[in-house]
Every structure is written in structure tokens, then in C-alpha cells.
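Worksheet for the structure shown next.
Order of the sequence lines sets the chain letters (A, B, ...), proteins ahead of strands, with each chain counted from 1. No hydrogens, no waters, no symmetry mates; every other heavy atom, side chains included, goes into these values.
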2 protein chains.
Amino acid sequence: MAQHGKMSILKAYLETKGLKSTAQRDFIADTFFKTNTHISLEELLSKVKRKNKNIGYATVYRTMKLLGESGLAIARQFGDGQTRYENLPEDGHHDHIICMKCSKIAEFQNQKIEQLQSEAAKKLGFTVVNHKLELYGYCAGCAGGDKA
Amino acid sequence: MAQHGKMSILKAYLETKGLKSTAQRDFIADTFFKTNTHISLEELLSKVKRKNKNIGYATVYRTMKLLGESGLAIARQFGDGQTRYENLPEDGHHDHIICMKCSKIAEFQNQKIEQLQSEAAKKLGFTVVNHKLELYGYCAGCAGGDKA
DNA sequence: ATTATTATGATAATAATATTCATTTTCAAT
DNA sequence: ATTGAAAATGAATATTATTATCATAATAAT
Ligand SMILES: [Mn+2]
Ligand SMILES: [Mn+2]
Ligand SMILES: [Zn+2]
Ligand SMILES: [Zn+2]
């Protein structure tokens, strides 16, 4: 989806919640929509401050929380103690594999896995709303050196 | 495995690391080995203090870290911001499904999923060392009331 | 028993996240 | 355009889980 499309969705979401549009929010959201990584708040704040020096951490934090709630951003935790956000993927849900040496992150989709998850849950009487699947290992570049 | 078996393994592990055996460590480990839940440090400390009031948080923390390193305990994070530990399962690795309403946790094993994970990783040039799979949803008891 | 090494536990430091609050901004009504 | 209630901002502070510090105590090899 294009930037302006996401902006419209955000505006609509704010309206339904009785929240107001502000220059800071728009700028933070716009900056985030342009990213294509799994960005931490610290990184996003730094990026935002380059153009708009007087935007505070709290506003970035609150804006990303809003984007998360609206579904425009997905919060991820890859075990390094920092929440990261990524843009809502075009092609639907995906999971991640993280290199334990160089921290490279690859994404994959596997419909069969998703289906088996639902089945496993069903057997236990659960219905699945969402899930977290992260694989940790070594990427092609790092596998040679140290597999421990 | 029985308590004394785990204790022996722990003793052996301590020895290889040049660490010493202490009454506190033994008591904390013993208390943990008797649990069959996913217990937080706070909960474990509370349990320990009932019998041994002057054991400190730091010792519980350090002992569980040791148990984790030795493979006798597995650290889990279910998204509530607290690390939880569970005993090394008898029957090998398992994954979890957590009820978003009552926090009930069910466990399951699915070899097919594990295999598909490895295959997905291989396609991306990764080798998998470990993984985290958590399903979030509603248990049988909670599904009726509020599926949102 | 001596003694070097490690453990303990109270306390403090970290670090990420969340909240407070005085001030500023938004926006609908006038 | 002005007003004013409601919400947002940002600096600072609070919270929370985790980790480190350090003086004292316990361990275990000699
Ligand atoms: Mn991703
Ligand atoms: Mn478990
Ligand atoms: Zn790598
Ligand atoms: Zn439930």
C-alpha cells in the first residue's frame, strides 16, 4: 500500500478514536511508513530527529503504539530486549528466522505450518488468534565459522 | 527424571565449571525441580522463602541462570514481560499455546511443524539451532464469552 | 586450621517502557 | 477570526525486570 493510503487509514483510525491529527504524529508515521526494516524505537527516533529535532521520545513511542493498534505497524520482539516495528506486509503474514551471529533477519511464509498450528490448537480445544514463530540459527554467511 | 537425578547432573555441572555447592543453591534447585508449571522468578522466590526466609532474590536469579545453562531448566517468555522457567521436559521439546483471556498454557509437540521449519530455513540458506513457537488464542473455556 | 576462591544478599545500576504534568495545539462551535 | 474544551507534546520522572556491585560469609582443597 502507498504512503498516502496508509496515512488515510491512520486518519480514519484517529477519527474513530476521537484523537487529533498533529504535525508530529504525521511526520513520525510518514517516516515509519518509508522504512522497510524491523526498526527499533531508538532507531526511529534518531531518523525522525534528523529532520525534526524537537520531537521527543514519548511522542514516537505513543505514535508507534497507535500504529500498532490500528494494524498499520506490527510490533516484534526478537529476543534482544528491544521492541521493533515493521510495516504491515503487502502479502500477508510472515514469520522470521534470525541469525544468531550477524543478526540478519530473513522472512518466510509457510501456509502448511500455519495450518498445522491451527490443527494442533484445535486438538487442545484452543482457537488460534495469532502466533509467534521465530527460528534462530545461522545464515549462509555465518554458518561456516562457528556453528555452536 | 527424578529429583536426585537432576541434582546429580547439577552437581556435575557445577564441578565442571569450578563452582561450589551451597545450601541455598541446592534448596532453590530442589524447589524448582518439584514444580511443573512455567514459573516466574518472583513466584519461585516466594515459594523458596516460605521454607527459607533469608534467601535473596539475587541467589534465586543466579541459580536459575545456572540451571538454564546446564540444560536442566528452560527459560520462556510468553510476552508478559517476565521470564519464566520450566523443567526440562521428559519427552523432549514442546511448544505452547496461551489463552489470551485466562492465561492458561497448553503444550504440544508436532514433528511435522519442526520439519517444515527446517525446510523453510534451508531454502533461505539458514540452519536452525532453536526456535520459538507460541500460539495465542482462546481456550475451550474462554472461547464462548469473548472471541475478540 | 589455613587460605584462596566462590557464594550470598542487600543494595544500587541499567535499560526499556510507561506515566506525569505544565504547556501548547487542535478543532468544532460560535 | 475567536473561543474554549479536549487532546497532544515533551521533558522529566516513575516503573519494572534484569543485572551488577561489594562487603561479608561459606566452601573446599591443602
Ligand atoms: Mn518481518
Ligand atoms: Mn512448557
Ligand atoms: Zn549471519
Ligand atoms: Zn482461557
Item to check | Strand contacts (DNA chain D) in residues 6-30 of chain A, 4.0 angstrom heavy-atom criterion | outcome: A:Gly18, A:Leu19, A:Lys20, A:Thr22, A:Gln24, A:Arg25
Checklist entry - Counting only heavy atoms not in A:Lys123, do more than 12 fall under 6.0 Å of its NZ? => result no
Checklist entry - Is the NZ atom of B:Lys132 crowded by more than 12 outside heavy atoms at less than 6.0 Å? => result yes
Checklist entry - In residues 58-78 of chain A, which ones come under 4.0 Å of DNA chain D, going by heavy atoms? => result A:Ala58, A:Thr59, A:Arg62
Next on the checklist: Would B:Glu119 and B:Gln115 count as a side-chain hydrogen bond (donor to acceptor under 3.5 Å, both in side chains) here? Give the steps.
Outcome noted: CA-CA 6 Å; B:Glu119 288 171 15; B:Gln115 185 189 324; 3.0 Å; yes
Item to check | Assigned partner base of C:dT20, Watson-Crick or wobble definition, under 3.5 Å | outcome: D:dA11
Checklist entry - What is the base-pairing partner of D:dT30, counting Watson-Crick and G-U wobble geometry with both distances under 3.5 Å? => result C:dA1
Item to check | A:Asn87 and its side chain to side chain donor-acceptor pair (under 3.5 Å) partner, picked from A:Lys6, A:Lys34, A:His38 | outcome: A:Lys6
Checklist entry - Which nucleotide of DNA chain C is the first, and which the last, in the 5' to 3' direction, to come under 4.0 Å of a heavy atom belonging to chain A? => result C:dA16 to C:dC27
Item to check | A:Glu134 side chain to A:Tyr136 side chain, donor-acceptor N/O pair below 3.5 angstrom | outcome: yes
Next on the checklist: How many whole angstroms separate atom NZ of A:Lys53 from atom P of D:dG10?
Outcome noted: 14 Å
Checklist entry - Closest heavy-atom contact between A:Ala106 and B:Leu124? => result CB-CD1, 4.0 Å
Checklist entry - Does atom CD of B:Glu42 have more than 12 heavy-atom neighbours from other groups under 6.0 Å away? => result no
Checklist entry - Is the closest side-chain donor-acceptor distance between B:His93 and B:Asp91 under 3.5 Å? => result no
Item to check | B:Phe78-B:His96 aromatic ring centre distance below 6.0 Å | outcome: yes
Next on the checklist: Looking at every non-hydrogen atom in both residues, tell me the closest pair between A:Leu44 and A:Ile28 and how far apart they are.
Outcome noted: CD2-CG2, 4.3 Å
